[in-house]
Asks: 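Got a structure for you, written out below as structure tokens; questions coming shortly.
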Amino acid sequence: MQATIATANLPEQVKRPSYDRHQLKPKWVHLGFGAFHRAHQALFMNDLAQDEATDWGICEINLMGGETQIEMLRQQEHLYTVIEKGATQTAVKVSGSICQSLHPQLDGIDAVLDKLADPEVAIVSMTITEKGYCADALGRLDLTHPLIVHDLSTPDEPQSAIGYIVKALAMRCQMKAKPFTVLSCDNIQGNGDVVRQVVLDYAQQLDAELAQWIDAHVTFPCTMVDRIVPAMTSESYQQVSQQLGGVSDPCSIVCEPFRQWVVEDHFVAGRPAWEKVGAQLVDDVVPFEEMKLRMLNGSHSLLAYLGYLGGYETIAQTVANDDYCRVARALMMDEQVPTLRVQGVNLSGYADSLLERFTNPNLQHRTWQIAMDGSKKLPQRMLTSVQFHLAKGNDFPCLALAIAGWMRYVAAVDEDNRPIEVVDPMASELKAICDGQGLNVSVVAKLLAVDAIFPAELAANQTFVSAIECAYQQLLKLGAKGAVTQLAALLTSPTQIGK
Ligand code: NAI
Ligand code: CS2
């Protein structure tokens, strides 16, 4: 049998857990053992256990796919490797904070529900992607969502994360046990408020008293989470194996050195002392979320759509083009910063640090990956800011070009007529609209009419429509690279020029 990271003698520079993992109890359940969680929340917990005695351990659950990942994690005693790769330095850690794992396909639905209902579990956190919340454009539960339709008709055998959470809370309520804190760690504006609303809407459909109990007893803190964690590739698995002296780790992850976690300190049944390893526990996280979602994620999406169309495979390659870099910085400083409420942060320094992170040549962060699920990302990354500028009578050329870039991208054919694999819950609907219009500016009005993405008031605003049409025409005429270069040439203020 091949050695795993649990059994092999790993090279000395690999930092292994030095704490007694037998002391860990699965008091924290996480839904979504994906790339991000491994490099963020689970690693914060590992670092805390490394520094001081704690009995907080994590039970990992994947609800949608990922059974093999869970099986492989078990084969290596729930240990996995994190490689933090900066432009010049690399750190290799084995994380030991996970002490249990479950999957409905492997262990059955009841095993998952019993775990969530176990009064020992104090926190249920999640990284289930923006679409995992089954919310509509207004942040309410989408009652037409196939998973929700299924779960409401068979609530004892849920499939969605929301269905599992509500069923487990109902079990707690019935046995008069304490509830758990629900902690969303997804990139969603007001993520705690969104999960609270969809949980209450779902519970209300089943039992008004249960909804009242949840409302009165459960907390849903908002969080701002940040660390760039690209999806693994065969090349990155090979890099990991090299660092581990030839041992493979199918659960490993490669990420940037930077990490940030801002959390509202509102937990009903306690929490680990994450502040001791760098998390910021605050009263109100919304200003931080806005800053990160609009400046980092907004410019990421701009670079993803216009970069992919311009022929760039990764974000680092895209920002190596000075024009893209200038436009990304102008989007941050001129079109996102004015919309923010955050206090006491040097936002120009923040913009510089983001661009520096984007240029990290050792992270293969694909434009295609960030371009995924745009229908769920655009509203919070760009559209709220557009509404701000329209109300003030400001121009917003970078946001307009980014939104037009998304419209050009969802046509699912690139500038050389090759197909684009558009991954989005609305991909087929969007492609049908684009196919109906061809690569023609008339598609703008049709896409703006999709009210699951664009609020009706925005779609009816003639200034907005004209700005997007104009940007879309530039994309058709000049291509993405040409349109970015043209826009960069128009940016003259010092804040816009950036690097
Ligand atoms: P991933 O693709 O590696 O993992 C996605 C996880 O979500 C999987 O565990 C999957 O089982 C689960 N999932 C997907 N759809 C689901 C659904 N409908 N219901 C329940 N579970 C579902 O993605 P990754 O990189 O872990 O990112 C996940 C989320 O984390 C992102 O969408 C974002 O909100 C947040 N995030 C990611 C960062 C990154 O750089 N990767 C950084 C900051 C936040
Ligand atoms: C990215 C984010 O995939 C995306 O949409 O913009 O995952 C980004 O890498 C993280 O938010 C960084 O914290």
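We count ligands from 1, going down the list as the structure has it; atoms in each ligand are counted the same way.
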Asks: May I ask you to identify the nearest protein heavy atom to atom 6 (C) of ligand 1, giving residue, atom name and distance to one decimal place in Å?
Replies: Thr127 O, 3.6 Å

Asks: Please write down residue, atom name and distance for the protein heavy atom closest to atom 28 (C) of ligand 1.
Replies: Thr129 CG2, 4.0 Å

Asks: Is there at least one pair of N or O atoms, one from Asp186 and one from ligand 1, spaced under 3.5 Å apart?
Replies: yes

Asks: Does any N or O of ligand 2 fall below 3.5 Å from an N or O anywhere on Arg357, backbone included?
Replies: no

Asks: Side chains of Gln159 and Asp151: do they bring a donor and an acceptor to under 3.5 Å?
Replies: no

Asks: Asn187 versus ligand 1: do any nitrogen or oxygen atoms come within less than 3.5 Å of each other?
Replies: yes

Asks: Looking only at heavy atoms, what is the nearest atom pair of Met407 and Cys434, with distance?
Replies: O-SG, 4.2 Å

Asks: For ligand 1, which is the ligand I care about here, please tell me if Phe36 has any N or O atom under 3.5 Å from one of the ligand's N or O atoms.
Replies: yes

Asks: Under 4.0 Å, heavy-atom basis, I'd like to know which part of Arg227 is in contact with ligand 1: side chain, backbone, both or neither.
Replies: backbone

Asks: Can an N or O of Gln369 be found at a distance shorter than 3.5 Å from an N or O of ligand 2?
Replies: no

Asks: Flag yes if more than 12 heavy atoms outside Lys93 fall under 6.0 Å of its NZ atom; otherwise flag no.
Replies: yes

Asks: Specify the protein heavy atom at minimum distance from atom 18 (N) of ligand 1: its residue, its atom name, and the distance to 0.1 Å.
Replies: Gly132 CA, 3.6 Å

Asks: Below 3.5 Å, N or O to N or O, backbone or side chain included: is there any such pair between Met64 and ligand 1?
Replies: yes

Asks: Using heavy atoms and a 4.0 Å limit, tell me yes or no: is Lys292 in contact with ligand 2?
Replies: yes

Asks: Pairs of nitrogen or oxygen atoms closer than 3.5 Å, one from Glu130 and one from ligand 1: do any exist?
Replies: yes

Asks: In the protein, what heavy atom is nearest to atom 3 (O) of ligand 1, and what distance, to one decimal place, separates them?
Replies: Ala35 N, 2.9 Å

Asks: Would you name the heavy atoms of Gly32 and His37 that are closest together and state the gap between them?
Replies: O-CB, 3.7 Å

Asks: Quick test: of every protein heavy atom, which one is nearest to atom 41 (N) of ligand 1, and how far off is it to 0.1 Å?
Replies: Val229 O, 3.1 Å

Asks: Is ligand 2 less than 4.0 angstrom away from at least one heavy atom of Arg381?
Replies: yes

Asks: Between Thr181 and Arg271, does any side-chain donor sit less than 3.5 Å from a side-chain acceptor?
Replies: no

Asks: Tell me which protein heavy atom sits closest to atom 13 (N) of ligand 1, plus the residue, atom name and distance to 0.1 Å.
Replies: Ile128 O, 3.7 Å

Asks: Have a look at ligand 1 and work out which part of Asn62, if any, has a heavy atom under 4.0 Å from it: side chain, backbone, both or neither.
Replies: side chain

Asks: Yes or no: does Gln260 have any heavy atom under 4.0 Å from an atom of ligand 2?
Replies: no

